[in-house]
Undergrad: 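Have a look at this one.
Bear in mind the structure is a predicted one, so any value in this text is a computation, not a measurement. Read the numbers this way: they start at 1 and go in the same order the structure lists the ligands and their atoms.
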Amino acid sequence: MSGLALDGKKINQDILNELRPRVEALQAKARPPALAVVLVGDDPASHIYVRNKIKACQDLGIRSIDAAPAAGISTDELLRLIRDFNRDRQVDAILVQSPLPKHIDEKQILLAIDPAKDADGFHPFNVGNLVANRPAPRACTPAGIVEMLKRYRIPLAGKRAVVVGRSDIVGKPMALMLLHENSTVAICHSKTHDLPAECRRAEILVAAIGKPALITREHLSPGVVVIDVGMNRLNDPAVVLRLFGHDPRRLAAFEKNGTTLIGDVDPLAMQEISSAYTPVPGGVGPLTIAMLMANTVQLAESHLASVSGEC
Ligand code: NDP
């Protein structure tokens with residue numbers, strides 16, 4: 001038996017299609033929503049992520065304002081840029097692509113973003129709103145995961161959910177969102193004793209670790225729903241053959257490109273043991289962008305409502 005592959009690309013399209021009339025309504029009433037995207041320096045992976053985000057804006061009719069300061073920009077200069085965007089009434093949402101160069105104080109930058117323009121939902125004010133389950137922009141990756149689980153009608157209430165990873169951008173907000181959906185949640189991390197036993201208790205398992213195929217057969221109970229957030233690059237042919245020997249198409253693509261993406265979960269084990277799972281790529285990744293667009297539209301609607309209230 002093979003688990004159902006949850007189709008992140010389809011859910012992405014569904015969410016974007018639902019956002020389209022809201023973008024058009026904003027445009028008709030005032031102006032299109034506007035997202036400022038700040039990309040510092042020339043990290044190749046960040047460039048790809050930002051290009052995809054800007055493309056999603058263009059496709060949807062959201063105005064993207066791209067700021068790409070050189071890697072040498074100081075924390076103070078970057079703070080000034082953020083404050084300018086905070087003051088600019090033509091900007092609804094601000095995103096600062098991480099990682100920032102090491103000399104920049106990333107925490108200070110995140111704190112400087114106006115919480116009412118916080119496209120990623122990372123500002124501590126909005127993290128507080130998440131803890132209190134109040135409306136606010138939510139971290140895009142876990143919000144997209146909850147959205148997908150709901151759209152596939154995968155029940156969450158009363159289910160035992162295990163989140164592996166406790167980062168501020170995925171693991172912690174994921175655990176809180178599952179808690180708000182009435183799952184019974186455990187969070188595991190690098191100091192967890194007997195990770196396989198903890199994971200085997202899961203009916204819903206979220207892996208957000210950043211280690212290729214760390215989660216193996218021994219971590220999975222039959223029928224578990226597996227959400228694989230990890231995005232890891234494999235370049236070693238022996239490892240690729242071990243993990244994708246069952247998948248001739250993947251092997252051929254690796255042969256051609258010399259690299260392939262893998263999640264945090266052993267792909268064959270996940271397919272064979274789960275009742276449903278997110279493939280890598282094509283599972284969680286597309287949801288993150290869809291929720292970034294959703295946050296931007298929501299923030300633009302709130303701004304329009306507050307400006308209308310002022311008149
Ligand atoms: P972080 O590195 O910030 O966090 C990783 C977490 O995994 C930490 O909490 C760490 O524990 C835990 N961990 C590390 N090793 C182990 C281990 N051996 N056993 C148990 N837990 C372990 O990563 P992120 O949360 O930012 O990202 C995780 C993965 O998700 C990455 O592959 C990233 O690329 C991907 N990602 C994908 C996105 C998408 O859109 N698809 C979006 C964001 C991330 P500890 O806290 O103890 O160190």
Undergrad: Looking at Lys55 and Asp59, is there a salt bridge between them, counting it only when a charged N and a carboxylate O are closer than 4.0 Å?
TA: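 Salt bridge between Asp59 and Lys55, a charged N being under 4.0 Å from a carboxylate O: yes.
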
Undergrad: Should Asp264 be counted as touching ligand 1, given the test is an N or O pair under 3.5 Å?
TA: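 Between Asp264 and ligand 1 (N or O atoms, distance only) the closest approach is not under 3.5 Å.
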
Undergrad: Using a heavy-atom cut-off of under 4.0 Å, does the side chain or the backbone of Asn232 touch ligand 1, or both, or neither?
TA: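 For Asn232, only side-chain atoms sit under 4.0 Å from ligand 1.
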
Undergrad: Report yes or no: does Cys188 have a heavy atom closer than 4.0 Å to ligand 1?
TA: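 The answer is no, since Cys188 has no heavy atom less than 4.0 Å from ligand 1.
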
Undergrad: Report the part of Ile209 in contact with ligand 1, treating N, CA, C, O as backbone and CB onward as side chain, heavy atoms under 4.0 Å; options are side chain, backbone, both, neither.
TA: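 The answer is both, backbone and side chain.
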
Undergrad: Could you list which atoms of ligand 1 come closer than 4.0 Å to a heavy atom of Val170?
TA: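 This gives 25 (O), 43 (C), 44 (C) as the contact atoms.
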
Undergrad: May I ask you to decide whether Asp14 forms a salt bridge with Lys10, counting only side-chain N to carboxylate O separations under 4.0 Å?
TA: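 Salt bridge present between Asp14 and Lys10.
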
Undergrad: Check each heavy atom of Thr288 against ligand 1 and say whether those closer than 4.0 Å belong to the side chain, the backbone, both or neither.
TA: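 Thr288 to ligand 1: side-chain contact only, backbone stays beyond 4.0 Å.
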
Undergrad: Among all protein heavy atoms in this structure, tell me which lies nearest to atom 31 (C) of ligand 1, with the distance rounded to 0.1 Å.
TA: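 Checking every protein heavy atom, the shortest distance to atom 31 (C) of ligand 1 gives Gly210 CA, 3.5 Å.
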
Undergrad: Checking contacts here: is it the side chain or the backbone of Ile169 that comes within 4.0 Å of ligand 1, counting heavy atoms only? Could be both or neither.
TA: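 Just the side chain.
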
Undergrad: Leu149 pairs by side-chain contact (heavy atoms from CB on, under 4.5 Å) with which of Thr278, Val206, Val225?
TA: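 Of the listed options, the one satisfying the test is Val225.
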
Undergrad: If you measure from the Lys or Arg side-chain nitrogens to the Asp or Glu carboxylate oxygens, is any gap between Arg63 and Asp92 under 4.0 Å?
TA: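 Not counted as a salt bridge, because no side-chain N and carboxylate O are separated by less than 4.0 Å.
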
Undergrad: For ligand 1, is there an atom lying under 4.0 Å from some heavy atom of Ala208?
TA: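 Per 4.0 Å heavy-atom rule, Ala208 contacts ligand 1.
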
Undergrad: So does Glu18 pair up with Arg151, basic N to acidic O under 4.0 Å?
TA: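 Yes, Glu18 and Arg151 are salt-bridged.
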
Undergrad: Nearest protein heavy-atom contact for atom 8 (C) of ligand 1: which residue, which atom, what distance?
TA: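 Ranking protein heavy atoms by distance from atom 8 (C) of ligand 1, first comes Arg166 N, 4.0 Å.
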
Undergrad: Looking at Lys211, which atoms of ligand 1 are within less than 4.0 Å of one of its heavy atoms?
TA: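 Per the distance check, 14 (C), 15 (N).
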
Undergrad: Among Val40, Val38, Leu79, exactly one meets side-chain contact (heavy atoms from CB on, under 4.5 Å) together with Ile109. Which residue is that?
TA: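 Single side-chain contact (heavy atoms from CB on, under 4.5 Å) partner of Ile109 among Val40, Val38, Leu79: Leu79.
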
Undergrad: Could you find the nearest protein heavy atom to atom 42 (C) of ligand 1 and give me its residue, atom name and distance?
TA: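 Residue, atom and distance for the closest contact: Thr141 OG1, 3.3 Å.
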
